Amino acid sequence: MEMDCTDMTTEKFDDHLVEFWDIINRLDEKYRAIIVLKCVYGFRIREISEILELNENTVATRLRRGKVFLKKAYRGSDVLTVEHKKEGV
């Protein structure tokens with residue numbers, strides 16, 4: 001879903017922001033922390049790995065998977081309510 005923020009009213013923007021945080025909050029914590037640190041606060045993968053004391057490859061993998069979940073959730077898929085049995089999936 002593409003948004004053109006130039007034509008968006010404050011009310012519509014607020015609605016999208018609420019929806020964004022609702023989806024973020026539905027993520028498993030191991031994805032949510034990385035997504036927030038990267039996409040909201042702008043930390044680099046190396047910095048996130050130091051903050052969370054995780055391997056950089058683990059951070060990169062969880063970031064990629066978290067983004068996939070976010071895209072699917074934003075498109076209306078219910079993927080975030082499915083319990084993932086494998087680590088990182």
Side-chain angles (χ1 to χ4, degrees):
M1 175 180 196
E2 295 292 320
M3 293 188 301
D4 180 6
C5 293
T6 57
D7 296 332
M8 194 176 294
T9 65
T10 302
E11 185 177 310
K12 281 187 179 182
F13 180 78
D14 288 346
D15 289 345
H16 285 285
L17 195 56
V18 167
E19 182 179 9
F20 169 78
W21 281 108
D22 180 54
I23 292 169
I24 290 288
N25 286 325
R26 290 170 50 205
L27 279 171
D28 186 293
E29 175 60 30
K30 66 184 175 187
Y31 302 116
R32 181 174 53 243
I34 293 169
I35 292 285
V36 170
L37 288 170
K38 176 70 173 160
C39 299
V40 176
Y41 293 105
F43 285 103
R44 294 186 171 106
I45 289 176
R46 178 183 45 78
E47 295 169 318
I48 296 169
S49 72
E50 291 171 5
I51 292 167
L52 299 178
E53 299 178 351
L54 295 170
N55 180 287
E56 286 184 39
N57 291 330
T58 301
V59 171
T61 298
R62 289 181 183 181
L63 177 63
R64 187 180 67 250
R65 289 177 179 166
K67 285 181 177 181
V68 168
F69 293 149
L70 288 175
K71 286 178 186 176
K72 288 180 180 180
Y74 202 73
R75 291 183 185 139
S77 174
D78 202 21
V79 71
L80 296 177
T81 61
V82 175
E83 286 192 30
H84 303 285
K85 295 189 188 239
K86 289 195 276 181
E87 168 68 24
V89 177

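When reading the values below, keep in mind they use all heavy atoms of this one structure, side chains included, and skip hydrogens, waters and symmetry mates. No experiment lies behind these values; they were computed from the predicted model shown. We're numbering straight along the sequence, starting at 1.
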Euclidean distance, [Y] [atom2] relative to [X] [atom1], rounded to 0.5 Å:
{"X": "Leu63", "Y": "Cys39", "atom1": "CG", "atom2": "SG", "answer": "6.0 Å"}
{"X": "Ile45", "Y": "Asn57", "atom1": "CD1", "atom2": "CG", "answer": "9.0 Å"}
{"X": "Ile48", "Y": "Glu56", "atom1": "CD1", "atom2": "CD", "answer": "10.0 Å"}

Nearest heavy atoms of [X] and [Y], plus distance in Å:
{"X": "Leu52", "Y": "Ala33", "answer": "CD1-CB, 4.4 Å"}
{"X": "Ala73", "Y": "Ile23", "answer": "CB-CG2, 3.7 Å"}
{"X": "Leu27", "Y": "Gly66", "answer": "CD2-O, 4.3 Å"}

Salt bridge (Lys or Arg N to Asp or Glu O under 4.0 Å) partners for Glu29, two or more places apart: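 So Glu29 forms a salt bridge (Lys or Arg N to Asp or Glu O under 4.0 Å) with Arg32.
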Any pair counted as salt bridge (Lys or Arg N to Asp or Glu O under 4.0 Å), so long as it reaches residues 42-51, sequence neighbours left out: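 Matches after skipping sequence neighbours: Arg46-Glu50.
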Evaluation steps, side-chain contact (heavy atoms from CB on, under 4.5 Å), between Val68 and Tyr31: CA-CA 11 Å; Val68 168; Tyr31 302 116; over 6 Å; no
Qualifying residues under side chain to side chain contact (heavy atoms under 4.5 Å, CB included), relative to Ile51, sequence neighbours excluded: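 Expected list: Leu37, Phe43.
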Partners meeting side chain to side chain contact (heavy atoms under 4.5 Å, CB included) with Asp22 (sequence neighbours left out):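 Side chain to side chain contact (heavy atoms under 4.5 Å, CB included) list for Asp22, sorted by chain: Arg26.
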Evaluation steps, side-chain contact (heavy atoms from CB on, under 4.5 Å), between Lys30 and Leu54: CA-CA 11 Å; Lys30 66 184 175 187; Leu54 295 170; over 6 Å; no
